[in-house]
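Below is one structure; the comments refer to it alone.
Chain letters run A, B, ... following the sequence lines, proteins first and then strands; every chain starts at 1.
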Protein chains: 2
Amino acid sequence: MARAGLTPQRLTQAGAELADEVGFEHVTVSALARHFDVKVASLYSHVKSSHDLKTRIALLALEEMADRAAQALAGRSGKDALAAFAEVYRGYAREHPGRYAAAQLRLDPETAAAGAGVRHSQMTRAILRGYDLAEPAQTHAVRLLGSVFHGYVSLELSGGFSHSAPDSSVSWARIIDALDALLRTWPDEPDREERKA
Amino acid sequence: MARAGLTPQRLTQAGAELADEVGFEHVTVSALARHFDVKVASLYSHVKSSHDLKTRIALLALEEMADRAAQALAGRSGKDALAAFAEVYRGYAREHPGRYAAAQLRLDPETAAAGAGVRHSQMTRAILRGYDLAEPAQTHAVRLLGSVFHGYVSLELSGGFSHSAPDSSVSWARIIDALDALLRTWPDEPDREERKA
DNA sequence: TAAGTTGCCTAAAACCTGTAGGCAAATGAA
DNA sequence: TTCATTTGCCTACAGGTTTTAGGCAACTTA
């Protein structure tokens with residue numbers, strides 16, 4: 001009986017492709033076994049569990065995104081860097097919706113720390129070097145950028161902006177413009193006692 | 001044999017509570033049957049399918065959020081309205097993480113149109129009445145606000161901001177400040193040809 | 001109180017996860 | 001080459017979830 005040549009890597013890769021085709025929530029050990037024309041139990045020699053498989057796909061996606069982002073950021077700064085990073089982020093999600101959904105999987109802390117998630121926040125910080133932001137404003141800005149990118153893309157993917165003008169790509173571009181302007185003029189902390197009216 | 005008194009409403013309510021306790025992804029028809037101490041098949045008289053149940057929970061969550069937001073917005077405008085809306089959004093998600101996850105369920109278009117999702121975007125638009133934004137900037141801003149709120153809350157819920165200073169609540173407040181400033185000075189469309197260097 | 005309706009039941013099929021143990025193919029050493 | 005070991009995929013099975021079909025008992029109403 002010929003062997004299928006399964007490895008954790010091939011399973012992860014095939015799982016990622018499957019996720020993009022049918023949605024991450026439909027990625028199952030059984031479906032993957034069907035894809036390799038192999039019995040379900042066989043996969044459990046290569047992957048600990050369904051959760052393990054999903055985690056591997058998530059880590060793959062995070063790494064791919066980080067690689068693309070690093071590419072895009074090389075040699076750019078300021079608004080150019082911001083726009084390039086944004087483009088990568090949105091592009092990856094549209095190109096690989098299943099992988100993008102996988103990247104949203106909640107990982108346990110040690111797994112997350114070992115993965116490429118940290119590279120992401122470092123790159124976001126790198127973008128902000130083009131702007132003049134001291135701590136703690138810089139951290140607030142990192143969180144804002146992460147929120148906008150993730151929020152926009154995930155709303156777009158779930159169909160929130162379709163069937164309504166203006167086109168989503170236009171809003172995206174204008175939002176980058178707005179974020180750039182905001183980062184250049186990040187407001188000081190308002191005095192929360194005085195300004196009541 | 002005493003009857004359990006099941007109705008779609010009670011199932012939806014219990015399902016929402018279960019979601020907050022164990023996570024939306026673990027809300028299952030079986031689990032709900034156990035909760036009511038009833039056989040699984042019995043639920044299918046009240047709910048068409050597992051997906052139907054989840055959809056009902058999602059619609060309940062959207063409605064609850066819209067109700068709270070409408071309350072919070074009454075009598076406020078400008079930054080007050082913005083901050084109140086943001087507080088409701090984040091508060092609901094923290095108070096009811098399972099319901100909030102449910103609200104993120106991708107609904108088919110007609111279901112979404114019938115639900116309270118539209119009330120949300122109308123309210124976001126209402127907030128912007130306190131700022132001087134003409135179309136299409138207003139739509140861009142609506143999308144930005146939605147993205148920030150959703151993105152921030154969902155990153156926070158998945159643990160992105162925990163274990164790192166400054167406290168998440170501080171960033172949230174400062175991001176509201178920043179959004180307020182941004183909306184008051186929303187940038188004109190830059191001339192994309194000229195500014196290359 | 002009989003008729004009709006409703007509500008929860010048993011039964012069963014289909015599918016997914018996960019474990020245990022077995023046989024055959026690949027590997028490597030004598 | 002052959003024999004032992006390891007590795008890879010298999011069968012078998014146990015348990016869980018979804019969903020449909022059909023039945024009986026409990027409410028409702030006339």
* **Salt-bridge contact A:E156-A:R90 (side-chain N to carboxylate O under 4.0 Å)** => yes
* **Atom pair distance, as rounded to whole Å: CG in A:D37 and C1' in D:dC10** => 13 Å
* Atom-to-atom span, CZ of B:R10 to P of C:dG7 - whole angstrom -> 13 Å
* **Audit row: B:E95, B:R68, salt bridge (charged side-chain N to carboxylate O under 4.0 Å, His left out) steps and yes/no** => CA-CA 13 Å; B:E95 213 172 307; B:R68 284 198 188 190; 2.9 Å; yes
* Structure fact -> Ordered by number, residues from residues 21-35 of chain B within less than 4.0 Å of DNA chain D (heavy atoms) are B:T28, B:V29, B:S30, B:R34
* **Nucleic acid contacts of residues 40-53 of chain A, taken as heavy-atom distances under 4.0 Å to DNA chain D** => A:A41, A:S42, A:S45, A:H46
* To do: Rounded to the nearest angstrom, tell me the gap between atom CG in B:L6 and atom P in C:dG7.
  => 9 Å
* **B:L82 vs B:R76 side-chain heavy atoms within contact, under 4.5 Å** => no
* Under-4.0 Å salt bridge between A:K79 and A:D177 -> yes
* Just say parallel, tilted or perpendicular for the rings of A:F161 and A:Y152, cut-offs at 30° and 60°. => tilted
* **B:T111 side chain to B:L107 backbone, donor-acceptor under 3.5 Å** => no
* Asked: Under the 3.5 angstrom rule, does the side chain of B:R174 hit a backbone N or O of A:P187 as a donor-acceptor pair?
  -> yes
* To do: For the residue pair A:Y100 and A:Y89, categorise the inter-ring angle as parallel (less than 30°), tilted (30 to 60°) or perpendicular (more than 60°).
  => perpendicular
